[in-house]
Amino acid sequence: MSGKSIIDMVCPVPFTTSNTVLLGHGSGGKLSNDLVRDVFLPAFGNPELAQLNDQAVVRVGQSRIAITTDSFVIRPLFFRGGDIGSLAVHGTVNDLAVGGALPLFLTAAFIIEEGLPMDVLRRVAQSMQQAAKAAGVRIVAGDTKVVERGKGDGIFINTTGIGLVPEDLNLSADRAQPGDVILLSGSIGEHGIAILAEREGLEFESALQSDSAPLHELCAAILSASTSVRCMRDLTRGGLSSAMNEIAAQSNVGIELNETAIPVRDEVRGACEMLGLDPLYVANEGKLIAIVPPDVAHSVLRAMRANPRGENAQIVGRVTGSLPGLVTMKTPLGTSRIVDMLAGDQLPRIC
Ligand code: MG
């Protein structure tokens, strides 16, 4: 039969080369990946960076140390369910935790716009301290820079984190294998929609809030349930779709999601329908996926559901040997659609 394969039907990648940096280069989607591949990897290339995980694991003496860094430029600074301070702690703690590390120490660098009320800075610092305490980490170094009025947007924060990785643990986005099962820790899209609602003044019947939360305990529960977890990833910018596409590419496998199994709250679904967004691409700050071999999927799922951050965990898909590099999704109608990575942002500056 000479029918077209699903690969032939993929839309061509949009033309994304540009001589200037675009907002979409910060999206966590295709443009961000281009920037890393075309600018940063050639400049900094080394084996740890080449793994392209959310954290690098390096050996220092007898210890295996995970290190990660992240900058936060979210607008507005305060939102339902969190603020730029707690987010800056959760984001970095989670990038350590999904690498199997016990998060230990953070640094915090502040770029502040002249004129920021001191009270705002105090609230942000206090929120960071509370979040750090809850995540079991200490903020042990920092930096402050102030830029002229109009040259910043209130406050930007960078956090770097380090943690310890057990000797025999190797989680990496290039380890997914055909037959593996994909577990999602809960409903998606709440952070992005909560931020959008805050910006646009949207009201929901029930108070939708960001899911911003530390995931170190959920990660520890997953890793104690099985020693054969392949990888974990938190679903931040670019949402479930970006994480799945990156793993499909790095492991050179196909990924098949099951749309009816993916939990989405009614408020998020409604807002997405109204605004023409797809929850698969909307950011989360307290959700993760774990990829595990089929024989341990149910015990890991039980462990996830026993943790408050994973009580709505679901099996949402599987890894396949066909269509390597491609993410597809079975729809409620029984058809299959391609879940591509977006070039840029649905919603800029959400983290
Ligand atoms: Mg991450």
Side-chain angles (χ1 to χ4, degrees), residues 53-55 57 64-66 68 81-82 86-87 89-106 130-138 161-173 175-177 179-188 190-191 210-236 239-240 243-244 247 257 261-263 265 284-319:
N53 285 317
D54 285 352
Q55 66 304 117
V57 177
R64 292 175 77 216
I65 292 181
T68 190
S86 53
L87 190 67
V89 171
H90 295 156
T92 292
V93 162
N94 292 347
D95 278 344
L96 292 174
V98 294
L102 173 69
L104 291 174
F105 301 107
L106 301 189
Q130 276 169 19
K133 195 172 171 208
V137 296
R138 292 210 303 278
I162 65 167
L164 270 182
V165 185
E167 193 54 41
D168 48 355
L169 186 63
N170 286 297
L171 304 178
S172 182
R175 295 191 62 228
Q177 291 177 25
D180 285 352
V181 171
I182 299 161
L183 303 166
L184 169 65
S185 66
S187 51
I188 58 170
E190 283 144 39
H191 177 73
S210 165
D211 61 344
S212 180
L215 296 173
H216 61 301
E217 285 169 349
L218 178 61
C219 290
I222 291 169
L223 295 172
S224 13
S226 168
T227 54
S228 53
V229 176
R230 312 275 196 214
C231 72
M232 297 189 284
R233 195 158 270 206
D234 59 335
L235 309 176
T236 53
L240 180 61
M244 293 287 86
I247 292 168
L257 298 172
I262 299 172
R265 283 178 56 150
N284 312 271
E285 291 291 345
K287 301 288 156 38
L288 59 77
I289 55 100
I291 298 191
V292 303
D295 57 316
V296 300
H298 284 96
S299 51
V300 173
L301 183 64
R302 267 197 306 278
M304 289 171 82
R305 286 182 175 167
N307 182 283
R309 307 279 180 220
E311 59 191 7
N312 295 318
Q314 298 287 345
I315 290 176
V316 296
R318 64 192 182 98
V319 178

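- Between atom NE2 of residue His191 and atom OG1 of residue Thr236 there is a gap of 9.0 Å, rounded to the nearest 0.5 Å.
- Among all heavy-atom pairs drawn from Ala221 and Ala303, the shortest one is O-CB, 3.8 Å.
- Ser86 places no side-chain N or O within 3.5 Å of a backbone atom of Gly82 that could act as its donor or acceptor partner.
- Here the side chains of Glu190 and Asn284 are not in contact, with every heavy-atom distance at 4.5 Å or above.
- A donor-acceptor contact shorter than 3.5 Å is absent between the side chain of Arg309 and the backbone of Leu215.
- We find the CG-NE2 distance between Leu183 and His298 to be 8.5 Å, quoted to the nearest 0.5 Å.
- Of all heavy-atom pairs spanning Leu223 and Gly100, the tightest one is CD1-CA, 3.7 Å.
- Note that CG of Asn307 is 13.0 Å distant from CZ of Arg305, once rounded to the nearest 0.5 Å.
- Rounded to the nearest 0.5 angstrom, Ile188 CD1 and Asp211 CG are separated by 10.5 Å.
- A side-chain N or O of Ser228 and one of Ser226 form a donor-acceptor pair less than 3.5 Å apart.
- A heavy-atom distance below 4.5 Å is found between the side chains of Leu235 and Ile289.
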> Do Asp234 and Asp54 pass the side chain to side chain contact (heavy atoms under 4.5 Å, CB included) test, and can you show the C-alpha distance, the side-chain angles, and the key distance before you say yes or no?
Replying inline: CA-CA 9 Å; Asp234 59 335; Asp54 285 352; 3.1 Å; yes
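- Heavy atoms only, all atoms of each residue included: Ala135 and Pro214 are closest at CB-CB, 4.1 Å.
- Arg64 places none of its side-chain heavy atoms less than 4.5 Å from the side chain of Pro166.
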> Going through the checks in order, is the side chain to side chain contact (heavy atoms under 4.5 Å, CB included) test met by Ile222 and Val229?
Replying inline: CA-CA 8 Å; Ile222 291 169; Val229 176; 3.8 Å; yes
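- A distance of 7.5 Å separates SG in Cys231 from CG in Leu171, rounded to the nearest 0.5 Å.
- Judged by distance alone, the side chain of Thr92 and the main-chain N or O of Val89 form no donor-acceptor pair under 3.5 Å.
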> When you look at Leu184 and Ile262, which way does the side chain to side chain contact (heavy atoms under 4.5 Å, CB included) test go after all the steps?
Replying inline: CA-CA 8 Å; Leu184 169 65; Ile262 299 172; 4.0 Å; yes
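- With contacts defined as side-chain heavy-atom distances shorter than 4.5 Å, the pair Met304/Glu311 does not qualify.
- Residues passing the ring pair (Phe, Tyr, Trp, His ring centres under 6.0 Å) test with His90: none are found, sequence neighbours excluded.
- Across every non-hydrogen atom of Gln314 and Pro263, the tightest pair is CG-CG, 3.8 Å.
- Annotation: side chain of Arg265 is in contact with side chain of Ser187 (closest heavy-atom distance under 4.5 Å).
- Between Gly91 and Glu285, the closest heavy-atom pair is CA-OE1, 4.4 Å.
- Side-chain contact check for Ile182 versus Val319: some heavy-atom pair is nearer than 4.5 Å.
- In this structure, Gly161 and Leu106 approach most closely via the heavy-atom pair CA-CD2, 3.6 Å.
- Contact check for Asn53 versus Arg233: side-chain heavy atoms found under the 4.5 Å cut-off.
- Under the 4.5 Å side-chain criterion, counting only non-hydrogen atoms from C-beta, Ile315 is in contact with Leu301.
- To the nearest 0.5 angstrom, Cys219 atom SG is 7.0 Å from Asn94 atom CG.
- Remark: side-chain polar atoms of Gln55 are paired, donor with acceptor, to backbone N or O of Asp95 under 3.5 angstrom.
- Ion pairing between a basic and an acidic side chain is recognised when a charged N comes within 4.0 Å of a carboxylate O; Arg230 and Asp180 show such pairing.
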